[in-house]
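For clarity, every value in this text was computed on a predicted model and none was experimentally measured.
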Amino acid sequence: MNLLENNMNMNVEMMMRNIGVREFDPNKDCLGVEDVERRCEVGPSGKLCLFTDLLGDPICRVRHSPAFLMLVAEVGDEIVGMIRGCIKTVTCGKRISRNTKYTTNDIEPPKPLPVYTKLAYILGLRVSPSHRRMGIGLKLVKRMEEWFRESGVEYSYIATENDNYASVKLFTDKCGYSKFRTPSILVNPVFAHRLIVPKQVTIIQLNPSDAEAFYRRKFSTTEFFPRDIDSVLNNKLNLGTFLAVPRGTYSPDSWAGSDSFFSCPPESWAILSVWNSKDVFKLEVRGASRVKRTLAKTTRIVDRVFPWLRIPSVPEVFSPFGLHFLYGLGGEGPRAAKLVKALCGHAHNLAKERGCGVVATEVSSREPLKLGIPHWKMLSCDEDLWCIKRLGEDYSDGSLGDWTKSPPGLSIFVDPREF
């Protein structure tokens, strides 16, 4: 038995020495990468599983980031694994300016300023089933972290499911990451009927310049807020930023910019932006029984024939479907949650017009406006898991300390480019 184990260990060591890691080459690697993705798409028997189609573009989930890299692992001419990574500058905390003096006679306390850091994100780690437990995943992560350090990154993080034990074990036990945040992914189906936006609510679409000014003013100190928010809002995948206010306070015709708005703001307001993930990737639910498929189809038929009944119907998720992602969600005032719900209804109707199957968002598990976001629990994930690691100490100004040890805030800003 020991001889057999020794031979197996020697074979694994020889295999590891023959594994090379290099940058992805779109001119020759696409078929090999797609083959690994296909072999990794094996869900548990008898359970519903979600699968992703990258629409022939292996780097589609990172290509809109300021800097990105994809690596592949190969044995000979065969690709056996891959990993993606991207880098950006985000808010990791807030501070009061040293030049600001505040006394009890001041009407308002000084506004905090964002503390920025250079953050990397690891995603899309795949290892072919025939080459697992050989350290390939660890080798890919380590090589990606080398690029992060060379690029001056201070922190690296990953997102995974809480019950993905293999992924959690790799990053927390072998790579030195620690569990950091547990945001909620909230998913709502797109019905065959339109949702009614209350007449008591006025919705104003902001142009990218106004949206940027609005976000920088109200959200720049929110954790994970991207410093290049202007790039996000001006991206072709961004379908718009929408502001909801009580009817009679503002109208699209009277809108005069964010400075004017905040000089005399309404008692309550809410805002969100819509990202067209449908043109980046498609999703598909597999593993459903024929009975479940038939029931879902029946609900869609009834909803389509009798839209005035407004029957909640199960979308066609058993074949490839697209989604819109709602991000930059926030608001203030006693009616903010209701205004968020109205915005989600408006976003639903936009997704219906564009043929999406669902709308989704991701928010902090402590987000106060979470109650205003319509979602189906069966489609949602109450606790996504983000793990983080500090790579260096030379980038931030030091006013925050070690971000990995900071307590969670009420809100986070989820970048749609990385969802």
Between Tyr155 and Phe180, does the ring centroid distance fall short of 6.0 Å?
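Centroid distance Tyr155-Phe180: not below 6.0 Å, so no.
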Before we go on, tell me: are the rings of Trp269 and Phe214 under 6.0 Å apart, centre to centre?
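Aromatic pair counts; centres sit under 6.0 Å.
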How about [X]: does its [atom1] atom have over 12 heavy atoms from other parts shown lying under 6.0 Å from it?
| X | atom1 | result |
| --- | --- | --- |
| Arg149 | CZ | yes |
| Lys88 | NZ | yes |
| Glu267 | CD | no |
| Asp77 | CG | no |
| Lys142 | NZ | yes |
| Leu31 | CG | no |

For the side chain of [X] and the backbone of [Y], is there at least one donor-acceptor N/O pair under 3.5 Å apart?
| X | Y | value |
| --- | --- | --- |
| Tyr215 | Gly328 | yes |
| Asp303 | Ala192 | yes |
| Arg216 | Arg227 | yes |
| Thr404 | Lys389 | no |
| Arg126 | Arg39 | no |
| Asp57 | Ile59 | yes |
| Ser364 | Arg366 | yes |
| Glu34 | Val36 | no |
| Asn349 | Leu195 | yes |
| Ser184 | Asp382 | yes |

Quick one: are Phe325 and Val414 in side-chain contact, heavy atoms under 4.5 Å?
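The answer is yes; the side chains approach within 4.5 Å.
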With the side chain counted from C-beta on, respond yes when Glu161 and Cys381 share a heavy-atom pair under 4.5 Å apart, and no when they do not.
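The answer is no, as the side chains (C-beta and beyond) never meet within the 4.5 Å cut-off.
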When you look at Ser313 and Thr299, which way does the side chain to side chain donor-acceptor pair (under 3.5 Å) test go after all the steps?
CA-CA 5 Å; Ser313 54; Thr299 65; 5.1 Å; no
In terms of the angle between their ring planes, are [X] and [Y] parallel, tilted or perpendicular, with boundaries placed at 30° and 60°?
| X | Y | result |
| --- | --- | --- |
| Phe306 | Trp308 | perpendicular |
| Phe219 | Phe413 | perpendicular |
| Tyr177 | Phe171 | perpendicular |
| Trp275 | Tyr327 | perpendicular |

Side-chain ion pair, Glu37 and Arg84, N-O less than 4.0 Å:
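Yes.
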Salt bridge Glu284-Arg286, side-chain N to carboxylate O under 4.0 Å
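A salt bridge links Glu284 with Arg286.
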Distance-minimising heavy-atom pair for Ser263 and Pro265:
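Smallest heavy-atom distance, with atoms named: C-CD, 3.8 Å.
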No-hydrogen, no-angle side-chain donor-acceptor test under 3.5 Å, Asn188 and His348
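There is no such pair between these side chains.
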Verdict with supporting geometry, Ser251 and Asp253, side chain to side chain donor-acceptor pair (under 3.5 Å)
CA-CA 5 Å; Ser251 70; Asp253 294 333; 5.1 Å; no
Given Trp403, which partner from the list Phe224, Tyr116, Tyr157 fulfils the ring pair (Phe, Tyr, Trp, His ring centres under 6.0 Å) test?
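Only one of Phe224, Tyr116, Tyr157 forms a ring pair (Phe, Tyr, Trp, His ring centres under 6.0 Å) with Trp403, namely Phe224.
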